[in-house]
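A short write-up of the structure that comes next.
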Amino acid sequence: MRKSLRWALSLSVLIGTVGSTGVATAADTETENISQSVADSQSTDIKDRLLAIPGMSLIEEKPYAGYRFFVLDYVQPIDHHRPWAGTFKQRISVLHKGTDRPTVFRTSGYGLSTTPSRAEPTRIIDGNQVSMEYRFFTPSRPAPADWSKLDIWQAASDQHRIFTALKKVYSENWLSTGGSKGGMTATYYERFYPRDMDGVVAYVAPNDVVNKEDSAYDRFFENVGTKACRDRLNDMQREALVRREPLQKKYKEWAETEGATFNTLGSLDKAYEAVVLDFVWGFWQYYGEDVCDQIPDAKTASDDAVYETIDAYSGWSAYTDQDLEYYTPYYYQAATQLGSPSIKQPHLNGLSRYGYQPASSFVPREIPMKFQPQVMRDVDNWVRRNADRMLFVYGGNDPWGAEPFHLGKGARDSYVYYAPGANHGANVAGLVDAERENATARILAWAGVDAPAVQAAQPLARFDARLDKAVDEDVTREHGLRP
């Protein structure tokens with residue numbers, strides 16, 4: 001890592017003179033840029049200070065009361081092992097409160113929302129928030145795309161360079177956070193750069209240590225909720241496969257109307273079954289027992305009712321080429337490092353032709369892939385032995401929590417909590433009282449706020465309905481089996 005840091009420091013000087021193709025500009029332009037950066041760095045306006053960072057450029061600024069909100073491009077190396085071998089522009093956003101406040105580094109693991117929003121830890125500490133678009137999600141994708149440069153270390157190194165650049169502006173404590181794949185991203189960042197952050201808050205982050213061992217998910221679906229609800233869901237899922245022929249006719253008509261195609265997965269039949277097999281998972285991931293009675297009785301439901309119910313919880317568009325294209329970076333990572341779940345679903349009793357299809361099925365065939373089983377084992381072992389000021393929050397009824405991160409004897413000031421009855425939108429506010437108070441106090445302490453606020457264990461900022469969404473945008477109700 002020391003060698004990587006030397007490259008990063010060298011690149012911080014070079015990057016302001018490197019374009020998207022990695023070719024240096026003329027010497028006179030370089031001198032002009034450096035002179036302008038020096039002048040800008042002496043400004044007290046936050047926009048000038050951000051844009052004085054070499055490689056940083058403004059996409060837009062959006063007003064929001066009490067904040068300044070910037071969407072920015074930051075020039076990154078395609079390969080942090082070889083930072084001279086080309087660059088790309090990575091989008092980030094900055095929700096600015098004040099340079100005297102702590103900062104939350106928020107990752108989604110996917111694309112970047114350009115609408116101002118505030119993660120739960122940001123509200124708790126009343127701080128700034130930096131958000132990062134994950135590499136290879138459009139438009140933060142090198143051209144041409146060398147997919148071998150999409151891995152968790154490269155992404156963590158993106159985050160490290162952003163932190164290193166912005167720490168000069170935001171010098172108070174930093175926390176990293178994210179939900180779902182964003183929580184995974186925050187954890188991987190801590191594994192590779194454990195000295196950067198003062199604390200980590202990872203929400204609903206799956207930990208698939210052994211990709212082929214998924215019995216924990218089977219046990220989850222055998223016990224989640226009530227038997228009556230489980231039976232109702234299973235019956236509807238089974239009915240959708242029993243009525244495959246008439247429902248596929250509807251599906252085909254819809255696809256033709258929408259111009260949807262299925263070249264990546266291979267056939268409409270495979271896409272149809274993939275959507276149906278997601279039904280039960282999608283219900284528990286984003287909904288719960290309280291809406292189980294809204295699922296029609298499978299035996300008496302019309303074809304339209306079955307079709308529309310599957311669509312509501314799984315989404316017929318999920319495995320079309322058009323929807324899969326955006327998520328190619330996720331499926332590539334699932335097929336090469338992260339792993340992906342597979343469950344048995346015995347209630348389908350031979351009706352399934354394909355079973356849970358592997359993540360590689362959802363990636364265009366021309367992209368080479370090879371699974372690396374040691375990567376998640378390494379992260380899991382590191383967390384167990386070295387977790388320091390890390391908080392993992394899971395939902396008690398979220399299937400992704402069936403394979404969580406665990407803490408070992410080497411962990412310090414770290415916690416794994418489950419919000420009772422919560423789904424994939426679980427948060428600190430949903431924990432039982434004692435755990436919520438401890439989690440809030442630890443987040444405040446890690447952020448370096450004053451002791452009285454830590455002892456009070458209450459968020460420092462008031463709830464804002466526009467900024468603080470009931471369901472974090474990282475884990476909004478989207479279709480497809482993804483964290």
Side-chain angles (χ1 to χ4, degrees), residues 179-180 183 203-208 214-242 273-301 305-315 318 340-349 351-352 355-356 392-405 416-433 435-436 470-472 474-483:
S180 197
Y203 296 90
V204 295
N207 180 31
D208 193 349
D214 289 326
S215 59
Y217 294 112
D218 294 322
R219 291 191 296 273
F220 171 87
F221 286 107
E222 288 169 1
N223 295 284
V224 63
T226 63
K227 183 178 185 302
C229 185
R230 294 195 301 270
D231 289 346
R232 195 177 190 91
L233 296 170
N234 290 347
D235 289 347
M236 176 57 67
Q237 187 179 42
R238 178 180 172 82
E239 196 67 23
L241 293 183
V242 169
E273 185 169 303
V275 173
V276 173
L277 264 59
D278 280 355
F279 171 69
V280 173
W281 190 297
F283 177 89
W284 291 111
Q285 179 169 345
Y286 296 124
Y287 299 89
E289 184 85 30
D290 59 327
V291 297
C292 199
D293 59 356
Q294 297 179 19
I295 304 298
D297 178 76
K299 294 180 180 179
T300 59
V306 174
Y307 184 87
E308 291 166 5
T309 301
I310 298 297
D311 188 37
Y313 295 92
S314 297
S340 57
S342 178
I343 55 178
K344 295 179 179 178
Q345 297 186 311
H347 61 279
L348 298 181
N349 193 27
L351 291 171
S352 171
Y356 263 90
F392 296 93
V393 178
Y394 293 97
N397 283 356
D398 175 21
W400 290 106
E403 289 194 339
F405 281 95
V416 177
Y417 290 149
Y418 279 80
N423 59 20
H424 206 51
N427 57 17
V428 169
L431 298 174
V432 297
D433 291 347
E435 292 178 349
R436 182 184 67 250
V471 178
D472 189 273
D474 290 346
V475 289
T476 49
R477 293 185 174 102
E478 295 182 354
H479 296 132
L481 186 58
R482 295 181 295 269

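We number each residue from 1, following the sequence as shown.
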**Asked** If you measure from CH2 on W284 to CG on N397, what distance do you get to the nearest 0.5 Å?
**Response** 6.0 Å
**Asked** Quick one: CE on M236 to CZ on F283, what's the gap to the nearest 0.5 Å?
**Response** 11.5 Å
**Contacts of type salt bridge (Lys or Arg N to Asp or Glu O under 4.0 Å), residue E239, not counting sequence neighbours** = R243
**Prompt:** Knowing that exactly one of N234, V276, L277 qualifies, which makes a side chain to side chain contact (heavy atoms under 4.5 Å, CB included) with L348?
**Reply:** L277
**Asked** For K227, what residues pass the side-chain contact (heavy atoms from CB on, under 4.5 Å) criterion, not counting sequence neighbours?
**Response** R230, D231
**Request:** Measure the shortest side-chain to side-chain distance between P404 and N207 over non-hydrogen atoms and say whether it is less than 4.5 angstrom.
**Result:** no
**Fill in**
The reported gap from OH in Y394 to CG in N427 (rounded to nearest 0.5 angstrom) is 15.0 Å
**Item:** Heavy-atom closest pair, residues E435 and Y418
**Value:** OE1-O, 4.0 Å
**Message:** Nearest 0.5 angstrom please: F221 CZ to Q345 CD, how far?
**Reply:** 7.5 Å
**Exercise: identify the closest heavy-atom pair between G183 and A205** = C-CB, 3.7 Å
**Parallel, tilted or perpendicular, as decided by the 30° and 60° cut-offs, for the rings of Y313 and Y287** = perpendicular
**Item:** For A426 against Y203, the heavy-atom pair lying closest together
**Value:** O-CD2, 3.5 Å
**Message:** How long is the straight-line distance from CG of D218 back to CD1 of I343, given to the nearest 0.5 Å?
**Reply:** 6.5 Å
**Prompt:** Quick one: do D235 and R238 make a salt bridge, cutoff under 4.0 Å?
**Reply:** no
**Item:** Sequence-distant partners of E403, salt bridge (Lys or Arg N to Asp or Glu O under 4.0 Å), two or more places apart
**Value:** none
**Request:** Give the ring-plane orientation class for Y217 versus W281, where under 30° counts as parallel, over 60° as perpendicular and anything between as tilted.
**Result:** tilted
**Interatomic distance, H347 atom NE2 to E222 atom CD [nearest 0.5 angstrom]** = 11.5 Å
**Asked** Between P341 and L481, is any pair of side-chain heavy atoms under 4.5 Å apart?
**Response** yes
**Asked** W400 and Q285: which non-hydrogen atoms are nearest, and at how many Å?
**Response** NE1-OE1, 2.9 Å
**Prompt:** Which atom names give the shortest non-hydrogen contact between D293 and R232, and what distance separates them?
**Reply:** O-NH2, 3.9 Å
**Asked** Minimum heavy-atom separation for G396 to F220, with atom names?
**Response** O-CE1, 4.1 Å
**Prompt:** side chain to side chain contact (heavy atoms under 4.5 Å, CB included) between D214 and D208: does it pass, once the steps are laid out?
**Reply:** CA-CA 8 Å; D214 289 326; D208 193 349; 4.1 Å; yes
**Message:** Would the distance check show the side chain of D278 and the main-chain N or O of S314 forming a donor-acceptor pair, the cut-off being under 3.5 Å?
**Reply:** no
**Message:** Counting C-beta onward and ignoring hydrogens, is there a side-chain heavy-atom pair between D311 and V275 closer than 4.5 Å?
**Reply:** no
